[in-house]
There are 2 protein chains.
Amino acid sequence: MNQSVKAKALDRIDISILDTLQKEGRIANVDLAKKVNLSASPCIDRVKRLEKEGFIEGYGARLNSSKLGYGTAAFIQVTLDRTTSDVFDKFREAVVMIPQVAECHMVAGGFDYLLKLRLPNMEAYRSILAQIVDLPGVAQTHTYVVIEQVKNDRGLPLKHHADASTPPL
Amino acid sequence: MNQSVKAKALDRIDISILDTLQKEGRIANVDLAKKVNLSASPCIDRVKRLEKEGFIEGYGARLNSSKLGYGTAAFIQVTLDRTTSDVFDKFREAVVMIPQVAECHMVAGGFDYLLKLRLPNMEAYRSILAQIVDLPGVAQTHTYVVIEQVKNDRGLPLKHHADASTPPL
DNA sequence: GATTTAACCGTATATAATCTGGCATTAATG
DNA sequence: CATTAATGCCAGATTATATACGGTTAAATC
């Protein structure tokens with residue numbers, strides 16, 4: 001079973017609701033209903049269902065990171081000194097505590113973790129790197145500073161999914 | 001001048017509003033007002049101002065990517081064959097068109113672009129990589145598949161910002 | 001110290017969310 | 001094939017919320 005609730009398959013309208021909500025999370029239910037060609041009641045019922053079944057995890061404002069002091073981003077590749085699970089656990093536990101670490105991915109390939117940092121500027125990088133290097137188990141790091149954000153999609157390409165591969169349960 | 005509107009400095013309440021909205025984007029204004037110790041009117045005025053001044057760029061639902069057929073992520077490092085600006089432009093133009101490319105960052109370091117892909121599964125990776133390799137100017141690529149998402153913060157750590165470095169305008 | 005400005009609050013009105021009951025369509029069942 | 005059950009929808013009524021307005025306070029300015 002899935003998410004504590006039996007999830008039926010999503011139909012065209014559900015997809016349309018999800019797609020609309022991920023772009024306009026604060027749209028009025030009345031307007032959402034119009035957009036998906038439904039009246040208000042079944043529309044809000046579907047939204048509530050999508051929330052309860054876990055397709056929608058929450059809502060959030062998209063903030064302008066530059067204007068709020070986080071205009072710089074950097075990626076750090078981290079290699080740990082040993083690949084035992086307790087070393088991994090210690091590192092994970094510590095890295096998630098650093099607020100400037102926006103993302104931390106364990107990856108397969110030439111290193112162990114890929115971190116994405118958000119920073120006010122390049123001066124701030126120095127102190128963050130010092131923290132990263134001091135994290136438990138860290139053997140070496142390599143940094144790539146982002147020069148330009150070419151694309152940064154928050155949303156999923158739901159409309160492009162109506163084809164092969166993993167159909168939404 | 002900034003964003004077509006003269007932006008005054010953000011006070012404690014503004015920060016609190018932004019922080020709340022990035023976590024609960026669909027909170028009722030009445031409840032938001034309570035949370036930041038304001039009555040409804042000035043609260044909504046501030047939200048409207050923050051939107052107009054560009055601190056809030058929009059709102060969106062957070063969707064469960066696994067349940068919607070995008071449970072796998074991968075990073076691809078891309079090196080272009082020449083570093084002339086027209087090669088860069090062509091590549092950029094083409095890469096943003098691929099819906100599975102969630103992010104594309106131009107970076108300083110050993111390669112030129114770092115892409116983040118969202119995929120249904122590993123089988124889907126093959127066809128996407130073929131597309132990436134065929135993009136104009138691509139000399140070589142290196143892929144890192146995400147084994148585990150240790151952290152994936154959508155929001156900015158606003159509360160931790162009340163210190164040094166770039167103060168919000 | 002008077003005047004202006006800015007920010008707030010409370011109230012009133014407009015708008016939207018939510019609940020209820022009933023209808024239509026479809027699927028399951030006898 | 002007819003009946004029943006289930007599902008999904010709509011419309012209207014009620015409750016709650018958003019929004020606009022006028023007035024008050026407090027700070028800033030001259």
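In what follows, chains are A, B, ... by sequence order, proteins preceding strands, each numbered from 1. Keep in mind it's a predicted model, so treat the numbers as computed, not measured.
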What side-chain donor-acceptor pairs closer than 3.5 Å can you find for residues 55-62 of chain A, not counting sequence neighbours?
{"from": "E57(A)", "atom 1": "OE2", "to": "N64(B)", "atom 2": "ND2", "distance (Å)": "3.2"}
{"from": "Y59(A)", "atom 1": "OH", "to": "E51(A)", "atom 2": "OE2", "distance (Å)": "2.6"}
{"from": "R62(A)", "atom 1": "NH1", "to": "Q22(A)", "atom 2": "O", "distance (Å)": "3.3"}
{"from": "R62(A)", "atom 1": "NH1", "to": "Y59(B)", "atom 2": "O", "distance (Å)": "3.2"}
{"from": "R62(A)", "atom 1": "NH2", "to": "K23(A)", "atom 2": "O", "distance (Å)": "2.9"}
{"from": "R62(A)", "atom 1": "NH2", "to": "Y59(B)", "atom 2": "O", "distance (Å)": "3.2"}

Measure from [atom1] on [X] to [atom2] on [N] and round the result to the nearest Å.
X      : N       : atom1 : atom2 : result
L10(A) : dG8(D)  : CG    : P     : 12 Å
R46(A) : dA17(C) : CZ    : P     : 17 Å
D14(A) : dG8(D)  : CG    : P     : 9 Å
I44(A) : dT20(C) : CD1   : P     : 14 Å
L38(B) : dT19(D) : CG    : P     : 16 Å
D45(B) : dA18(D) : CG    : P     : 13 Å

Same apolar cluster (I L V M F W Y, side chains within < 4.5 Å links), L158(A)/L10(A):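 Shared cluster, yes.
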Out of dC10(D), dC8(C), dA20(D), whichever nucleotide has its closest atom nearest the side chain of I13(B):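 Looking only at heavy atoms from C-beta outward on I13(B), the closest nucleotide is dC8(C).
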Side-chain H-bond candidate by donor/acceptor type, Y113(B) with T79(B), under 3.5 Å: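 No pair is found: no donor N or O on one side chain lies under 3.5 Å from an acceptor on the other.
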Side-chain donor-acceptor contact under 3.5 Å, Q149(A) with N152(A):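 Result is yes, a qualifying pair exists.
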Counterpart residues, side-chain hydrogen bond (donor to acceptor under 3.5 Å, both in side chains), relative to D81(B) (two or more places apart):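 None.
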Residues in side-chain hydrogen bond (donor to acceptor under 3.5 Å, both in side chains) contact with R26(A), at least two apart in sequence or another chain: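 Partners of R26(A) under the side-chain hydrogen bond (donor to acceptor under 3.5 Å, both in side chains) test: none.
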Under 3.5 Å donor-acceptor, S16(B) side chain and R12(B) backbone: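 Side chain of S16(B) to backbone of R12(B): no pair is present.
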Of residues 19-36 of chain A, the positions that come close to DNA chain D - non-hydrogen atoms, cut-off under 4.0 Å: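 Under 4.0 Å from DNA chain D: no residue of residues 19-36 of chain A.
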Side chain to side chain, Y125(A) and T143(A), heavy atoms closer than 4.5 Å: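 When only atoms from C-beta onward are counted, T143(A) and Y125(A) do touch, with a gap below 4.5 Å.
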Side-chain N,O (K48(A)) to OP1/OP2 (dA17(C)) below 4.0 Å: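 For dA17(C), OP1/OP2 do not have a side-chain N/O of K48(A) under 4.0 Å.
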Inter-end axis angle, the helix from dG1(C)-dC30(D) to dG30(C)-dC1(D), with every axis fitted to five base pairs (rounded, 10 degrees):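 Taking five pairs per end, the axes differ by 30°.
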Under 3.5 Å, side-chain donor or acceptor atoms of residues 33-48 of chain B against the rest of the protein: list the pairs with distances, not counting sequence neighbours.
{"from": "K35(B)", "atom 1": "NZ", "to": "E24(B)", "atom 2": "OE2", "distance (Å)": "2.9"}
{"from": "R46(B)", "atom 1": "NH1", "to": "D11(B)", "atom 2": "OD1", "distance (Å)": "2.9"}
{"from": "R46(B)", "atom 1": "NH1", "to": "D11(B)", "atom 2": "OD2", "distance (Å)": "3.1"}
{"from": "R46(B)", "atom 1": "NH1", "to": "D14(B)", "atom 2": "OD1", "distance (Å)": "2.9"}
{"from": "R46(B)", "atom 1": "NH1", "to": "D14(B)", "atom 2": "OD2", "distance (Å)": "3.4"}
{"from": "R46(B)", "atom 1": "NH2", "to": "D11(B)", "atom 2": "OD2", "distance (Å)": "3.1"}

